[in-house]
Amino acid sequence: MADNTLVIKPQKGLWNLDLRELWIFRELLFFFVWRDIKVRYKQTLIGASWAIIQPFLTMIVFTIFFGRIAGIEEATLSDGIPYPIFSYSGLLLWIYFSTAVTNSGNSLVGNYHIITKIYFPRIYIPLTSGLAGIVDYLIAFVLLILMMIYYGLFPNWNILLLPVVVFFAFISALGFGLWLSALNVRYRDVRYVIPFFIQLMMFASPVIYPPEIFPSLKWLLDLNPMSGIIQAHRSCLLGVEPINWISLSISVTVAMLIFISGIVYFEKTERFFADII
């Protein structure tokens with residue numbers, strides 16, 4: 001009688017990611033993404049409108065307290081960008097990043113009942129959070145288009161690079177998500193660190209201020225993987241400032257390093273998830 005038992009063993013080597021296996025389970029990834037989108041808006045009062053309300057209200061708060069009181073509005077106006085759309089264009093990408101990192105960082109622990117019962121590529125769990133967040137980004141993008149029309153700002157040819165910029169924001173979010181989700185399985189207090197980490201990163205990113213107001217610290221801000229990406233995101237959309245290729249190159253390099261190291265660490269610790277989660 002033939003033995004049809006399938007034995008699943010971890011691969012050896014530094015790079016354990018099995019691309020063929022990821023392709024085989026691709027339909028499961030689609031199911032996970034669709035599930036997260038449905039659960040996010042299930043039994044909500046205003047549904048997908050939350051994707052617009054969050055950055056819009058945050059923009060209002062920042063405009064009142066940071067734009068006018070702190071004098072940042074004058075710096076953005078000197079570049080030809082009204083502060084409300086300056087902050088919203090940064091918040092649009094930042095909220096996607098922060099939501100994706102937070103959700104993916106807690107994703108493995110939140111899906112322990114699936115991980116302990118069946119086998120599938122575990123990397124799909126944090127990957128789902130990054131992909132599902134794109135829907136919120138696209139919904140909130142509609143308000144940005146209306147604001148651009150209102151302020152008379154129109155993109156130039158740099159808008160063609162917008163998908164590339166958003167892709168690297170996704171890579172950055174997934175890299176952090178892989179690290180935090182794997183660490184969260186072993187050290188449960190990581191979930192308390194994630195909100196604090198996100199808050200610190202926001203103030204170290206040019207979301208509510210132009211990096212030019214801190215000229216002596218600009219080199220340090222560029223080491224933040226989201227710094228150059230947010231600047232490029234704003235340049236692609238508003239068509240006022242040229243893309244800072246140096247800042248973007250540094251941020252993309254750091255984001256790729258975090259992403260690659262995150263995959264390596266995730267795959268090295270994946271074999272223990274079902275035992276300790």
Side-chain angles (χ1 to χ4, degrees), residues 17 22 29-30 32-33 35-37 39-40 50-51 54-55 58 89-111 121-141 144 161-185 190-191 193-207 221-234 236-237 247-267:
L17 188 62
L22 295 181
L29 175 62
F30 174 80
F32 281 154
V33 173
R35 181 201 61 174
D36 273 23
I37 295 173
V39 169
R40 184 174 303 178
W50 284 114
Q54 183 181 0
T58 307
S89 59
L91 284 167
L92 181 62
L93 192 62
W94 173 256
I95 289 179
Y96 161 72
F97 170 80
S98 61
T99 303
V101 171
T102 301
N103 291 343
S104 59
N106 294 303
S107 60
L108 291 178
V109 175
N111 289 275
R122 309 305 194 206
I123 198 173
Y124 275 174
I125 297 295
L127 178 59
T128 295
S129 300
L131 293 175
I134 294 293
V135 175
D136 286 353
Y137 172 86
L138 294 175
I139 295 173
F141 194 86
L144 178 64
L161 295 175
L162 182 62
V164 178
V165 173
V166 175
F167 171 75
F168 281 115
F170 163 75
I171 289 296
S172 180
L174 181 58
F176 281 110
L178 291 172
W179 271 105
L180 293 172
S181 59
L183 289 171
N184 200 11
V185 172
V190 169
R191 60 181 175 179
V193 176
I194 293 176
F196 180 67
F197 168 74
I198 292 295
Q199 189 175 27
L200 286 180
M201 276 203 67
M202 188 192 75
F203 288 107
S205 305
V207 177
L221 294 177
D222 285 342
L223 294 178
N224 175 358
M226 286 302 294
S227 181
I229 294 175
I230 289 177
Q231 293 179 65
H233 182 260
R234 191 175 280 129
C236 288
L237 290 171
S247 296
L248 180 59
S249 299
I250 296 174
S251 294
V252 167
T253 301
V254 175
M256 290 302 298
L257 290 175
I258 295 173
F259 173 69
I260 294 173
S261 62
I263 291 179
V264 171
Y265 180 75
F266 189 93
E267 293 296 322

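In this chain, numbering begins with 1 at the start of the sequence shown.
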Give a yes or no on this: more than 12 heavy atoms of other residues, nucleotides or ligands lie within 6.0 Å of atom CZ of F30. no
Output the distance between atom CD1 (I229) and atom SG (C236), rounded to the nearest 0.5 Å. 11.5 Å
Here the gap from S251 atom OG to L221 atom CG, rounded to the nearest 0.5 Å, amounts to 9.5 Å
Once side chain to side chain contact (heavy atoms under 4.5 Å, CB included) is applied, do any residues pair with V109, and if so which ones, sequence neighbours excluded? N184, R188
Indicate the atoms forming the closest heavy-atom contact of P55 with A140, along with that distance. CG-CB, 4.2 Å
For V135, side chain to side chain contact (heavy atoms under 4.5 Å, CB included) partners two or more places apart: I37, I139
Kindly indicate, with the supporting measurements, whether the criterion side-chain contact (heavy atoms from CB on, under 4.5 Å) is fulfilled by S104 and S181. CA-CA 6 Å; S104 59; S181 59; 5.6 Å; no
Side chains of L131 and L29: closer than 4.5 Å at any heavy-atom pair? yes
Evaluate the side-chain proximity of L180 to V193: yes if any heavy-atom separation is below 4.5 Å, no if none is. no
Looking at every heavy atom in both S129 and A100, which two are closest together, and how far apart are they? CB-O, 4.0 Å
As a test of understanding, state which of L174, I198, N106 forms a side-chain contact (heavy atoms from CB on, under 4.5 Å) with V101. I198
Restricting to side chain to side chain contact (heavy atoms under 4.5 Å, CB included), what partner residues turn up for R35, sequence neighbours left out? F32, V39, N111, I114
Are the side chains of L93 and M226 in touch, meaning some heavy atoms are under 4.5 Å apart? yes
How many angstroms lie between OG1 in T58 and CD in Q54, if you round to the nearest 0.5 Å? 5.5 Å
Minimal non-hydrogen separation, Y265 against A182, with atom names: CE2-CB, 3.6 Å
Does F266 have any ring pair (Phe, Tyr, Trp, His ring centres under 6.0 Å) partners at least two apart in sequence or in another chain, and if so, which? F273
Is M201 close to N224 at the side-chain level, that is, under 4.5 Å between some pair of heavy atoms? yes
Distance-minimising heavy-atom pair for G228 and L248: O-CD1, 3.8 Å
All side-chain hydrogen bond (donor to acceptor under 3.5 Å, both in side chains) counterparts of S247, not counting sequence neighbours: K218, D222, N244
Any non-hydrogen side-chain atom of L108 less than 4.5 Å from a side-chain atom of P126? yes
Once you round to the nearest 0.5 Å, how far does CZ of F97 lie from OH of Y137? 14.5 Å
Looking at residues at least two apart in the chain, or sitting in another chain, which of them share a side-chain hydrogen bond (donor to acceptor under 3.5 Å, both in side chains) with Y124? none
Run the side-chain hydrogen bond (donor to acceptor under 3.5 Å, both in side chains) test against S89 and tell me which residues pass, sequence neighbours left out. R234
Not counting sequence neighbours, list each pair that qualifies as a side chain to side chain donor-acceptor pair (under 3.5 Å) and has a residue in residues 162-180. W179-S261
Identify the two heavy atoms, one from A232 and one from V165, that lie closest to each other, and give their separation to 0.1 Å. CB-CG2, 4.0 Å
Non-hydrogen side-chain atoms of I258 and P225 separated by less than 4.5 Å: yes
F197: what forms a ring pair (Phe, Tyr, Trp, His ring centres under 6.0 Å) with it, not counting sequence neighbours? F176
Could you check whether any side-chain heavy atom of E267 comes within less than 4.5 Å of a side-chain heavy atom of I123, counting everything from C-beta outward? yes
Any F141 side-chain heavy atom under 4.5 Å of L92 side chain: yes
Distance col, row L178:CG vs I125:CD1, nearest 0.5 angstrom, shows 12.0 Å
One should read off an interatomic distance between M202 CE and I95 CD1, to the nearest 0.5 angstrom, of 9.5 Å
Please identify each residue that fulfils side chain to side chain contact (heavy atoms under 4.5 Å, CB included) with L223, with sequence neighbours left out. W219, L220, I250
